[in-house]
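For clarity, every value in this text was computed on a predicted model and none was experimentally measured.
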Amino acid sequence: MEDSAELESILPYLPLVIGSSRRLLWPSKVVEALEAMSRGPDHSLVNCGEVLSIAISDMRASLSLADPLALSAPLGYALFFDELMSGADSRKWFAEDIPKLANLLLRLPSLLEVHYQNSRAYGYGLRILGPQQPGMVLLSQELIGALLACSLFCLFPISNRGLKHLPTINFDQLFASLYDSYSESQENKVRCIICYFQRICLQMPTGSVSFERKLLSLEHHPWQSFLSYPYADFWTKSTIPLCPFQVHSSGLIEDHAIEALEVDFANKYLGGGALHRGCVQEEIRFMINPELIAGMLFLPSMADNEAIEIVGAERFSDYTGSVDFLGRRKTRIVAIDALCSPRMKQYKLKYLIRETNKAFCGFLDQSKYSQYKRIFKMNSVQLNEGSSLPIKAKGESRTEEVRKSDEKSWRLEDCENYIGIATGNWGCGAFGGDPEVKTIIQWLAASQALRPFISYYTFGLEALQSLAQVTQWIILQKWNVGDLWNILIEYSSQKLRGEADVGFFAWLLPSLPK
């Protein structure tokens, strides 16, 4: 196998070594252990959770992994497979699924070699997608299955992951948490993971999943193919029209009826507490779409100007659907991390810009950069002409005409990628953000990103009971992004000065029912 910068960057975080023939391989003792497991429990004696945890420890010793497993991890494996799982399901798991997973792991070196051969021409190879490095990794679902099997068996080296700001990747903390602080939700998280492995053992999916680090550049270069980080003037002067706003008081983002970019209310470390005790929106999403976990292997924490978009991760609990030209299922998820416990600072201009840009970065379709550039350049021309209002032409602003022209071309040329945003109470709940302000921020970002709609799931939050009424009223005013941004800034300024003691909606429309 040829050396490459991609492989060199990820190799310290893989359990494989490069042999004398320059090929990826498992150490010989690990091969022996996996071959024994592949022949079934009569040969390997791996027939229960307790013995599985011993086999895992032995393989880790063969890999010279110095970092110990979470203290209660062996007890967690024993609890789940020997007590919580039914006897029939446990016997089937060890007789049929563990041998297939062992075979899959034996094939990991060859799967990686094929992966690098196939991705060489496109630059989508598995690598550490580091901070401020926009790029994409495209993995087959079979390779993801092998990587997640490494997580199940806790075979990834972790000693240097903290230095790279990489999240947890092995499953020992997940099982340890099950034992240390049992809850039904933690048990269900593990059941989702095991269901995933059972499904791929029954029939291996044949598609692909892409993981993309997106950014708004902190510097501007004429040659760059992505937008620069906007500041207040950009938002203040924007004449981009607001996109349609749909409100859903019930239902879930992942059950959205039509194709959309679905928002993951992320931690800056992708996955958050998915492999620990966490059980809020992001962690639940990673359990029902376990292929998302693969991104935790190679995606370091996000900076303020970054987002992560994942396309093609299958929902193994309940999924039907087609695939695109890259073999990806049409599930699009964007991870954006909000400020945590922002309290009053969330109303300061600096942090309003941060949150709006974070959502904007996530909602942008970087593949349409040239179209964005043309529209934003038109927007800039209008502003440079000194007009604070859209320049009218046949009843429409020039920006709106360009946008409509581009929307038409997108429908004709790439209608399958003409998708809106499905989101909800991002940055609220455990993160402590103001739900009314966060709603407006996401609307501004989706509109500026030229998305055709935003579908908002309130999850029954009482503070958003009047959301539909407020958004309908705003649309009737025919405001653009700049108009709404300036009003949000005025409200936030009054909030900071102690002059506004109500929420944004009641401040904007005092006639709203209390």
Exercise. Does any N or O in the side chain of Q281 come within less than 3.5 Å of the main-chain N or O of F265, such that one atom is a donor and the other an acceptor?
Worked result: yes
Seminar exercise, completed: The side-chain hydrogen bond (donor to acceptor under 3.5 Å, both in side chains) partners of S86 (sequence neighbours excluded) come to D89
Exercise. Would you say the side chain of L65 lies within less than 4.5 Å of the side chain of D67, judging by non-hydrogen atoms?
Worked result: no
Exercise. What is the distance from atom CD1 of I310 to atom CG of L292, rounded to the nearest 0.5 Å?
Worked result: 5.0 Å
For this session: Measure from the side-chain N and O atoms of S9 to the backbone N and O of I128, and report whether any donor-acceptor pair falls under 3.5 Å.
Result: yes
Problem set entry | Crowding at CG, L218 (>12 non-hydrogen neighbours, <6.0 Å) | yes
Exercise. Please walk me through it: do I158 and L166 pass side-chain contact (heavy atoms from CB on, under 4.5 Å)?
Worked result: CA-CA 9 Å; I158 63 169; L166 289 161; over 6 Å; no
Problem set entry | Side-chain donor-acceptor contact under 3.5 Å, D180 with S72 | yes
For this session: Starting at CZ of F363, measure out to CD1 of I454 and round the result to the nearest 0.5 Å.
Result: 5.5 Å
Exercise. Can you find a heavy atom in the side chain of P230 that is under 4.5 Å from one in the side chain of Q448?
Worked result: no
For this session: Evaluate the side-chain proximity of L155 to M59: yes if any heavy-atom separation is below 4.5 Å, no if none is.
Result: yes
Problem set entry | Any side-chain heavy-atom pair of M302 and K358 under 4.5 Å | yes
Pairs under 3.5 angstrom only: tabulate donor-acceptor contacts from the side chains of residues 76-84 to other protein residues two or more places apart or in another chain.
unit_1 : atom_1 : unit_2 : atom_2 : d
Y77    : OH     : L152   : O      : 2.6
D82    : OD1    : G49    : N      : 2.6
D82    : OD2    : G49    : N      : 3.3
D82    : OD2    : E50    : N      : 3.2

Exercise. Side chains of N289 and Y196: closer than 4.5 Å at any heavy-atom pair?
Worked result: no
For this session: May I ask you to decide if C243's main-chain N or O and W443's side chain share a donor-acceptor pair within less than 3.5 Å?
Result: yes
Exercise. Just how far is it from atom SG of C201 to atom CD1 of I194, taken to the nearest 0.5 Å?
Worked result: 10.0 Å
For this session: Could you tell me whether E262 and R332 make a salt bridge, using a distance below 4.0 angstrom between a side-chain N and a carboxylate O?
Result: no
For this session: For T423 and Y456, indicate whether the former's side chain and the latter's backbone hold a donor-acceptor pair under 3.5 Å.
Result: no
For this session: Show your working on salt bridge (Lys or Arg N to Asp or Glu O under 4.0 Å) between E6 and R120 and close with a plain yes or no.
Result: CA-CA 10 Å; E6 292 177 341; R120 188 177 301 139; over 6 Å; no
Exercise. Taking K214 for the side chain and L364 for the main chain, is one N or O donor matched with an acceptor at less than 3.5 Å?
Worked result: yes
Problem set entry | Closest non-hydrogen atom pair, G271 against M296 | CA-SD, 4.1 Å
Problem set entry | Aromatic contact, F171 with F153 (centres under 6.0 Å) | no
Exercise. Among all residues two or more places apart in sequence or in another chain, which pass the side-chain hydrogen bond (donor to acceptor under 3.5 Å, both in side chains) test with S183?
Worked result: S185
Problem set entry | Atom CD of E8 with >12 non-hydrogen neighbours under 6.0 angstrom | no
Exercise. Roughly how far, to the nearest 0.5 Å, is the SG atom of C361 from the CD atom of E306?
Worked result: 7.5 Å
For this session: For atom OH of Y179, decide whether the heavy atoms of other residues, nucleotides or ligands shown that lie under 6.0 angstrom number more than 12.
Result: no
Exercise. Would you say D172's side chain and A70's backbone share a donor-acceptor pair under 3.5 angstrom?
Worked result: yes
For this session: Can you measure from CG (N47) to CD1 (I98) and round to the nearest 0.5 angstrom?
Result: 11.0 Å
Exercise. Can you say whether the rings of Y457 and F459 are parallel (under 30°), tilted (30 to 60°) or perpendicular (over 60°)?
Worked result: tilted
Exercise. Going by atom types alone, do T331 and R315 pair a side-chain donor with an acceptor below 3.5 Å?
Worked result: no
Exercise. Would you call D304 and R354 a salt bridge, using N to O less than 4.0 angstrom?
Worked result: yes
Problem set entry | Within-4.5 Å side-chain heavy-atom neighbours: H256 and L261 | no
Problem set entry | Sidechain-backbone polar pair: Q141 side chain, G207 backbone, donor-acceptor under 3.5 Å | yes
Problem set entry | Separation between CD of E96 and CG of L101, rounded to the nearest 0.5 Å | 12.0 Å
Problem set entry | Pairwise side-chain contact, L299 with R213, heavy-atom cut-off 4.5 Å (strictly under) | yes
Problem set entry | pair L147-L139: side-chain heavy atoms closer than 4.5 Å | yes
Exercise. Do side-chain atoms of S140 reach the backbone of L143 as a donor and acceptor pair under 3.5 angstrom?
Worked result: yes
Problem set entry | Check: H276/T168 side-chain N/O donor and acceptor closer than 3.5 Å | yes
For this session: Examine distances only and state if a side-chain atom of S38 and a backbone atom of E35 form a donor-acceptor pair shorter than 3.5 Å.
Result: yes
Exercise. Under 3.5 Å, side chain of K438 to main-chain N/O of W426, donor-acceptor pair present?
Worked result: no
